[in-house]
There are 2 protein chains.
Amino acid sequence: MDKQCKINAFRTGLAQFVTFEEDEWEILSQHLSFSTLKKKEHFIVEGKVCDYMCFITRGAVRYYHIKDGQEITGYFSFENELMSAYKSFLKRTLNTNYIQAIEETDLVMISYQNLQQMLSHPLLALKMERFGRLVAEHYICCYEDRVTAFITQSPEERYTMLEKTAKDIFQRIPQHFIANFLGITPVSLSRIRKRTLLQ
Amino acid sequence: MDKQCKINAFRTGLAQFVTFEEDEWEILSQHLSFSTLKKKEHFIVEGKVCDYMCFITRGAVRYYHIKDGQEITGYFSFENELMSAYKSFLKRTLNTNYIQAIEETDLVMISYQNLQQMLSHPLLALKMERFGRLVAEHYICCYEDRVTAFITQSPEERYTMLEKTAKDIFQRIPQHFIANFLGITPVSLSRIRKRTLLQ
DNA sequence: CGAAAACGTTAACAAAAGATAAGGATTTTA
DNA sequence: TAAAATCCTTATCTTTTGTTAACGTTTTCG
């Protein structure tokens, strides 16, 4: 997959938020960089400031915390999705978790510096502000659903829902990561799967 | 508390996101409306589209879902905080929960229509986009912490943390609402409190 | 003021989840 | 290809939580 191809995928991916005109895109695309993460390679680790927000053109990553020496996976991102340690990136604070490639992963990246530059670029400012707003609003909606699930559903209900709405991630992600994502232990998820199969 | 006083509180509250100049504020303040919710009065109920985002100048509200006929409280907002059914407001979709005043509550409100108008107002657009972006980013950071708590902490740890960081809400909010907020039943919270007192 | 509603605690029992360890299958990698 | 690592399941035991109900206190409201 060559660079132009990645840029195109990026542009298509952004279209759900904002459509850039040719001249705007010309400028924006000069502020991008590119990277590939090997499987198990980290995009960011605890204690650093996250300097990039990314678009994944290929692959998958997991977000995890380390608590009492144990890794706890909280989220995943896949191709055609955005990825960053948002809080650290936005507030310039030390990051408190890890983002690691689960598969070999291609990234289109915007550095914090370049983003700020575009936000003060007269031809781009308005559209970039809107882009940032729409992306952030999109994530708010995702988070709203996620928190609601924790508040109103049992682990078993959360599993059943996931199995219904995103069956494919079970083919792609080790089950013990998914368990963490659902807020339970891998052993418990194994039991729930057995239980719900028998019913 | 008169209208001007509420507007001032609103302006101060927004300052954490964006500072408006006099001429900008002149326009913005003409797009506001005001309301007071009596205790137990609803700001929005399930099945409606949320038409306002609000700033609370006095009082407190709770957000709750109804599941199997039972109310489950998921969040609170207090004076000097923003309040809305964001997903419904932003995406113009039917709202799936309830927002109800816990105390008598004063609101400064921006309607969806007025917000859109300001977003297309040449003198306000850029700043309103930025305002929207920064608010949304702020909520993303809050949500990030909330989800992390559900993923990495036990109910008891979440309680201890809340007791440490926001002790005052126990004086202000019925305990069974707080239990829901922590993701457990009221009975369970009562046990946890007894347990942690004895230690 | 008095009845009704709301609230927090406790008890008893059932159900679910956590912790730990073991076993076997698969995948990774040196 | 062989050893190591990863992964899922299962079993056992402990701990925690959910459920339901009862009780006393406080608050609300007609």
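Computed from a predicted structure; not experimentally measured. Residue numbering restarts at 1 for every chain, and letters A, B, ... go by the order of the sequence lines.
- With rounding to whole Å, A:N180 atom CG is found 11 Å from C:dA19 atom P.
- Checked by atom type and distance alone, the side chain of A:N95 pairs as donor or acceptor with a backbone atom of A:N97 at under 3.5 Å.
- The six-membered or imidazole ring of A:Y52 lies away from that of A:Y112, with a centre-to-centre distance of 6.0 Å or more.
- Summarising the geometry, the separation between NZ on A:K38 and C1' on C:dT29 is reported as 14 Å, rounded to the nearest angstrom.
- More than 12 heavy atoms of other shown residues, nucleotides or ligands fall within 6.0 angstrom of atom CD in A:Q175.
- As rounded to whole Å, 17 Å separates atom P of D:dT27 from atom CD1 of B:I102.
- Going from atom CD1 of A:I72 over to atom C1' of C:dA17 covers 15 Å, rounded to whole Å.
- Looking at A:Y98 and A:Y63, their side chains never bring a donor and an acceptor atom within 3.5 Å of each other.
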Could you please spell out the steps behind the side-chain contact (heavy atoms from CB on, under 4.5 Å) verdict for A:F34 and A:L107?
CA-CA 6 Å; A:F34 303 86; A:L107 301 175; over 6 Å; no
Could you run through nucleotides 4-20 of chain D and give me one letter per nucleotide, 5' to 3': B if any protein heavy atom sits under 4.0 Å from the base, S if only the sugar-phosphate is that close, - if neither?
---SSSBBB----BBBB
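- Summarising the local packing, NZ of A:K48 is surrounded by 12 or fewer heavy atoms from other residues, nucleotides or ligands at distances under 6.0 Å.
- Ion pairing between a basic and an acidic side chain is recognised when a charged N comes within 4.0 Å of a carboxylate O; A:E79 and A:R58 show no such pairing.
- Annotation: A:Q113, atom CD; neighbour count of heavy atoms from other residues, nucleotides and ligands within 6.0 Å does not exceed 12.
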Based on Watson-Crick and G-U pairs with both distances under 3.5 Å, what dot-bracket line describes DNA chain C 5' to 3', crossing pairs as [ ] and inter-strand pairs as |?
||||||||||||||||||||||||||||||
